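Predicted model only: the values in this text are computed from it and were never measured. In what follows, chains are A, B, ... by sequence order, proteins preceding strands, each numbered from 1.
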Amino acid sequence: KSCSILVTDANFECNEENIMLQAMDNSHIALVSVEIGAPGFTSYRCDRTMPLGVDLTSLTKVLRCAKDENICTLKAADEADVLNLVYDAKSAFFSPFFFAFMWHGRDASSPFPPFFLLCSALLPLFIHLNISLSSQTPITSSWPETKYDTRVTLPSAEFTRIVRDLSQLGEHVRIEVSKEVVRISKLKAKSSAEDEDNDSIPTGVVIEMNQHVSLTFSLKYLVNFSKSGSLSGEVQLLMSNDVPLLVAYDFTQGYIRCYLAPKIGD
Amino acid sequence: EASQIEIGDYFPVL
């Protein structure tokens, strides 16, 4: 769900050790990278390395059907063009539905694949969801390794609150990190009456730095990144001057890392 | 006006 805000189509690269996703957003300003290790699943089996090209918009709609207590099983057969999701319903109050999402191939003239929704209230207590797999070129490039001058670790809820609040006031934000202070200042305020800087130094902030950095970013993207805040109690902001910001959420058996290109010049 | 750089300019491998 976090990725679908940034990326509409992506390949899940599956191998024996993990499931990975790496994709740029449509405007090529942000990059999202996700890894979920095999131990993060109750059971995991991958007989053959394969990419699963998935329309994330459709997948998100399917995932909304799940409840917290549901156990979700994902299956893709060899040479199959369908990703099958099965939800085990544990709640006696769960209303069973059957959904079938089907499309064959991608029509370039169609921005969204046609799908058919079938519902029944009397089917057994599980859901079968089929999402067809699109044929995309697998992303084989390596993870972009970068050394950063600063790392700021803070509670993810604080980061979410900061960028959400500032996005109400402006379109861009300048993040400056010095030895003891992180200054997050809004830019291009929509209202001149709200033009003062907003320093946000919440508790639980750890600053590691080799060099002072000052970078400007689009708040819209930071707000989208912060949607991953529920995955981890902490978020790390890694920055160097004139290179993309890395917003990293690590969880027990994986991570979601979002890169954002800065604005240059003034 | 600041200009927005694309992510691929920093990570050519992409």
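Summarising the geometry, atom CD1 belonging to B:Ile7 is positioned 5.5 Å from atom CG belonging to A:Leu31; distances are rounded to the nearest 0.5 Å. Here the CD1-CG distance, from B:Ile5 to A:Leu260, works out to 12.0 Å after rounding to the nearest 0.5 Å.
Under the rule for a salt bridge (charged side-chain N to carboxylate O under 4.0 Å, His left out), the partners of A:Asp250 that lie at least two apart in sequence or sit in another chain are A:Arg257. Among residues two or more places apart in sequence or in another chain, the salt bridge (charged side-chain N to carboxylate O under 4.0 Å, His left out) test is passed with A:Glu17 by none.
The number of heavy-atom neighbours closer than 6.0 Å to CD of A:Gln253, taken from other residues, nucleotides and ligands shown, is above 12.
Residue contact with chain B, scored on non-hydrogen atoms closer than 4.5 Å, involves the backbone of A:Asp242 exclusively.
In plain terms, the two heavy atoms of A:Ala261 and B:Glu6 that are nearest each other are CB-C, 4.1 Å. Looking at every heavy atom in both residues, B:Gln4 comes nearest to A:Pro262 through NE2-O, 3.4 Å.
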